[in-house]
Protein chains: 2
Amino acid sequence: MKKRDAVAALAALAQDNRLDVFRLLVEAGPEGLPAGSVAGTLKLAPNTLTFHFDRLRDAGLVTVRRDGRSMIYAARFDTMNALLGYLTENCCEGRVEQCATPECASVDIPSLRKKERV
Amino acid sequence: MKKRDAVAALAALAQDNRLDVFRLLVEAGPEGLPAGSVAGTLKLAPNTLTFHFDRLRDAGLVTVRRDGRSMIYAARFDTMNALLGYLTENCCEGRVEQCATPECASVDIPSLRKKERV
DNA sequence: GCATTATTTCCATATCCATTGAAATATGAA
DNA sequence: TTCATATTTCAATGGATATGGAAATAATGC
C-alpha cells in the first residue's frame, strides 16, 4: 500500500459515523448489508449515508452491488489488512517490540526494517 | 482504546504532512527529534509544524519536552500500538484470517471475538 | 402506465482544516 | 543587557467536510 492510499483509508475511517458504518459492515461479513439496513441501525439520513459510503468506497474500504432496489455494501478486508500492514511497517519500524500488537510483539519481522516515504 | 480516541488518532494520521512527521519521529525512536530538525527535513514552515504537532499531541501520538531552546518531539508507541489493537479488534472481528497482518494471520486471538460500539 | 420503495444527486450552509505572515515568547550566548 | 536562535501564538483566508431538504433516478408490483 502506498502512502497516498494509506492517508485516504485513514481519512475515511477518521469520522464517527463512517467508523460506525465500517464496523457494522465488518460485523456483517463479506455478504454485506443493504444501505437501508445500515441507515436504520445507525439512524443516519439516506443522503448522508450515501455521502459516507462514497468516501469509504473512494478509499477502497467498501464495495457495492445492486440487489433489486437495494444497494448492498460490504467491507473490503483486503484493504483493511493492507492499511494495518502499512501502519505496522511505517509507524512502528524498528520498534516492533513496543508497537506490534501484544499477540505479535515477540515475533521478529524482517520486513519491518525497510523504509519508504512518498 | 475507546472509539473516541481511535477517531482522534486516525484523524491525526490522516494528513499528508502529519503522517510524514509521525513516520519521521518513529524512525527517530524514543529519543525524539527537535522541531527544527523535523521542519528542515520535511520542509515545513515552523508555525505550520507547530499546528501539526499540536494535533498529534492532542491525539496522544507524540510527546514534547524542552531541551534548551529546542522542543523535542517523540512518537508515542503505546498509542500507536493501541490504535492497531483497536483496528484489529473492531474492524476485522471474526475475520482474523482475512484481515490480520500476514505475520499474525495464523494466530487465533480469543480477544478478537468481543464487540464494542461507543 | 402508475404507485411504491430504495437510494442517489443537487444545492445550500455552517463548520472545520491547513497554510501563511507577522508578532510574541523563551532560552542561551556575548 | 542586547542579540540571535528556536518555537509558538494570533489573525486572516481559501478550501474541504458533514449535514439537511428537495428533487431525481432505479427497480418492482399492480
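Convention: sequence-line order gives letters A, B, ...; per-chain numbering from 1.
The side chain of A:Tyr73 lies closest to C:dT8 when the candidates are C:dT8, C:dA18, C:dT4. Distance from the side chain of B:Met71 is smallest for D:dT8 among the nucleotides C:dT7, D:dA27, D:dT8. Closest approach to the B:His52 side chain among D:dA18, C:dA18, D:dT7 is made by C:dA18 (side chain taken as heavy atoms from C-beta onward). Listed nucleotides: D:dA4, D:dT19, C:dA6. Nearest to the side chain of B:Arg69: D:dA4. Nearest to the side-chain atoms of B:Asn47 among the listed nucleotides C:dG21, C:dA18, D:dT7 stands C:dG21. Looking at the side chain of A:Ser70, the nearest of the listed nucleotides C:dT7, C:dT8, D:dA18 is C:dT7.
With rounding to whole Å, A:Leu49 atom CG is found 12 Å from C:dA6 atom C1'. If you measure from atom CG of B:Leu42 to atom C1' of C:dT19, you get 16 Å, rounded to the nearest angstrom. Counting to the nearest Å, the C1' atom of D:dT17 and the CD atom of A:Gln15 are 9 Å from each other. In this entry the distance linking CG of A:Asp16 with P of D:dT17 reads 17 Å, nearest Å. Separating the CG atom of B:Leu19 from the P atom of C:dC17 is a distance of 17 Å, rounded to the nearest angstrom. Residue B:Leu44 contributes atom CG, which lies 11 Å from atom C1' of C:dA18 at whole-angstrom precision. One can place CZ of B:Phe51 at 12 Å from C1' of C:dT20, the figure rounded to the nearest angstrom. Note: CG (A:Asp54) to C1' (C:dT7) measures 11 Å, nearest angstrom.
Between the OH atom of B:Tyr73 and the NE2 atom of B:His52 there is a distance of 12.5 Å, given to the nearest 0.5 Å. Expressed to the nearest 0.5 Å, how far CZ of B:Phe77 lies from CG of B:Leu84 amounts to 12.0 Å. Atom CD in B:Gln15 sits 9.0 Å away from atom CG in B:Asp20 (nearest 0.5 Å). B:Asn90 CG to A:Leu19 CG: the interatomic distance, rounded to the nearest 0.5 Å, is 7.5 Å.
Under 4.0 angstrom from either OP1 or OP2 of C:dA18 there lies at least one side-chain N or O belonging to B:Arg55. The phosphate of C:dA18 (OP1 or OP2) has a side-chain N or O of B:Arg18 nearer than 4.0 angstrom.
Using a 4.0 Å heavy-atom cutoff across all strands shown, A:Thr50 reaches at least one base atom of the nucleic acid.
Taking the charged nitrogens against the carboxylate oxygens, A:Lys3 and B:Asp16 do have a contact shorter than 4.0 Å, which makes a salt bridge.
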